[in-house]
Novice: 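Sharing a structure, written as structure tokens. Questions coming.
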Amino acid sequence: VQQSYWQAAFDVIFDAFPQGASRRLGQVKYPLAIAFEQADSLSMHRRSDEDLMLDIVQRLYNENPDAIYELTKRMRTGLHSIAVLIGDMGGMTPSGWSDFCLRVIGDYPRLLQIRDNHERTPLHLFTLYLGDTA
């Protein structure tokens with residue numbers, strides 16, 4: 001399978017300095033939170049490469065799982081973003097995202113209770129976005 005240029009670039013950078021997943025400078029967020037903000041804003045068309053995004057997110061999570069709690073600008077955790085992505089794809093998301101979602105819930109069940117800046121939990125977002133695409 002041929003990698004995209006940005007997947008190859010990520011591999012080189014991450015493999016050379018995996019500790020970077022656990023570092024931030026000042027107000028700059030952890031790379032995992034930044035990746036979720038990007039995934040949260042991808043259009044349906046751009047999500048055709050979501051398997052590559054999944055690989056990046058999983059590798060960042062493996063290196064620094066506690067970063068899943070960091071909030072995005074919408075006050076969402078990584079689980080919120082995963083719920084939006086799975087719901088928005090209307091059942092067409094590769095199973096890897098569902099498996100990752102279950103892993104994150106198993107590791108951090110408290111994430112299910114956290115509300116975003118509109119008072120929505122990950123379940124609220126999942127059903128909200130599912131209604132747009134089902």
Side-chain angles (χ1 to χ4, degrees):
V1 175
Q2 187 175 12
Q3 291 180 314
S4 71
Y5 69 90
W6 54 271
Q7 179 70 35
F10 175 80
D11 288 347
V12 168
I13 295 166
F14 186 80
D15 291 346
F17 188 61
Q19 303 86 350
S22 299
R23 299 208 178 149
R24 58 176 155 166
L25 301 170
Q27 298 299 316
V28 177
K29 297 177 180 180
Y30 288 114
L32 183 62
I34 295 168
F36 279 126
E37 279 190 341
Q38 296 305 313
D40 217 10
S41 65
L42 288 177
S43 68
M44 288 289 288
H45 179 68
R46 286 280 317 278
R47 287 186 184 162
S48 63
D49 285 340
E50 74 276 316
D51 281 337
L52 299 177
M53 179 62 94
L54 175 61
D55 180 60
I56 289 171
V57 166
Q58 286 179 320
R59 290 174 68 191
L60 291 170
Y61 179 81
N62 290 342
E63 189 66 33
N64 185 15
D66 290 342
I68 198 80
Y69 276 106
E70 187 163 32
L71 300 175
T72 66
K73 61 186 169 193
R74 295 179 182 180
M75 303 302 288
R76 294 178 180 172
T77 66
L79 186 59
H80 284 91
S81 296
I82 295 168
V84 168
L85 186 121
I86 294 172
D88 198 28
M89 292 296 285
M92 295 171 34
T93 306
S95 63
W97 279 106
S98 297
D99 294 341
F100 183 59
C101 181
L102 293 173
R103 178 181 169 204
V104 169
I105 291 169
D107 292 346
Y108 298 97
R110 185 179 164 281
L111 288 171
L112 293 166
Q113 301 170 25
I114 296 176
R115 297 174 183 267
D116 68 7
N117 61 342
H118 293 288
E119 297 296 315
R120 297 176 293 204
T121 66
L123 180 59
H124 289 102
L125 288 172
F126 175 82
T127 54
L128 175 68
Y129 280 84
L130 185 63
D132 286 344
T133 57

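Side chains are part of it too, since the values below use all heavy atoms of this structure and drop only hydrogens, waters and symmetry mates. The structure displayed is predicted, hence computed values, not measured ones.
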Novice: Which heavy-atom pair separates Leu32 from Val57 by the least distance, and what is that distance?
Specialist: CD1-O, 3.6 Å
Novice: Do the rings of Phe10 and Phe14 sit parallel, tilted or perpendicular, given the 30° and 60° boundaries?
Specialist: parallel
Novice: Does Leu71 sit in a hydrophobic cluster with other residues, and if so which ones, taking ILVMFWY side chains as linked at heavy-atom separations under 4.5 Å, directly or through other members?
Specialist: Met75
Novice: Which heavy atom in Met53 sits nearest to a heavy atom in Ala35, and how many Å separate them?
Specialist: CE-O, 4.1 Å
Novice: Kindly indicate whether the side chain of Tyr30, heavy atoms from C-beta on, has any atom under 4.5 Å from the side chain of Asp66.
Specialist: no
Novice: Which value, rounded to the nearest 0.5 Å, describes the distance between Phe100 atom CZ and Leu79 atom CG?
Specialist: 9.5 Å
Novice: To check you understand the geometry: which heavy-atom pair defines the closest contact between Ala83 and Pro122, and what is its length?
Specialist: CB-O, 3.3 Å
Novice: For residues Asp11 and Arg59, determine if any side-chain heavy atom of one lies less than 4.5 Å from a side-chain heavy atom of the other.
Specialist: yes
Novice: Can you name the nearest heavy-atom pair linking Arg115 to Glu119, along with the distance?
Specialist: NH1-O, 2.9 Å
Novice: Drop me the distance from Leu111's CG to Thr77's OG1, to the nearest 0.5 angstrom.
Specialist: 4.5 Å
Novice: Can you check whether His80 reaches Phe126 side chain to side chain, under 4.5 Å on heavy atoms?
Specialist: no
Novice: Establish, from distance only, whether the side-chain atoms of Asp107 and Tyr61 form a donor-acceptor pair under 3.5 Å.
Specialist: yes
Novice: Nearest 0.5 Å, please: how far is CG in Leu112 from OG1 in Thr121?
Specialist: 7.5 Å
Novice: With side chain to side chain contact (heavy atoms under 4.5 Å, CB included) as the test, pick out the partner of Arg74 among Asn117, Leu125, Asp116.
Specialist: Asn117
Novice: Roughly how far apart are Ile86 CD1 and Trp97 CH2, rounded to 0.5 Å?
Specialist: 8.0 Å
Novice: How many angstroms lie between CZ in Arg120 and OG1 in Thr127, if you round to the nearest 0.5 Å?
Specialist: 10.0 Å
Novice: Might you point out which heavy atoms bring Glu63 and Pro18 nearest each other, and give the distance in Å?
Specialist: CG-O, 3.0 Å
Novice: Which distance, rounded to the nearest 0.5 Å, do you find between the CD1 of Ile56 and the CG of Leu60?
Specialist: 7.5 Å
Novice: Which heavy atom in Gly96 sits nearest to a heavy atom in Gln58, and how many Å separate them?
Specialist: O-NE2, 4.4 Å
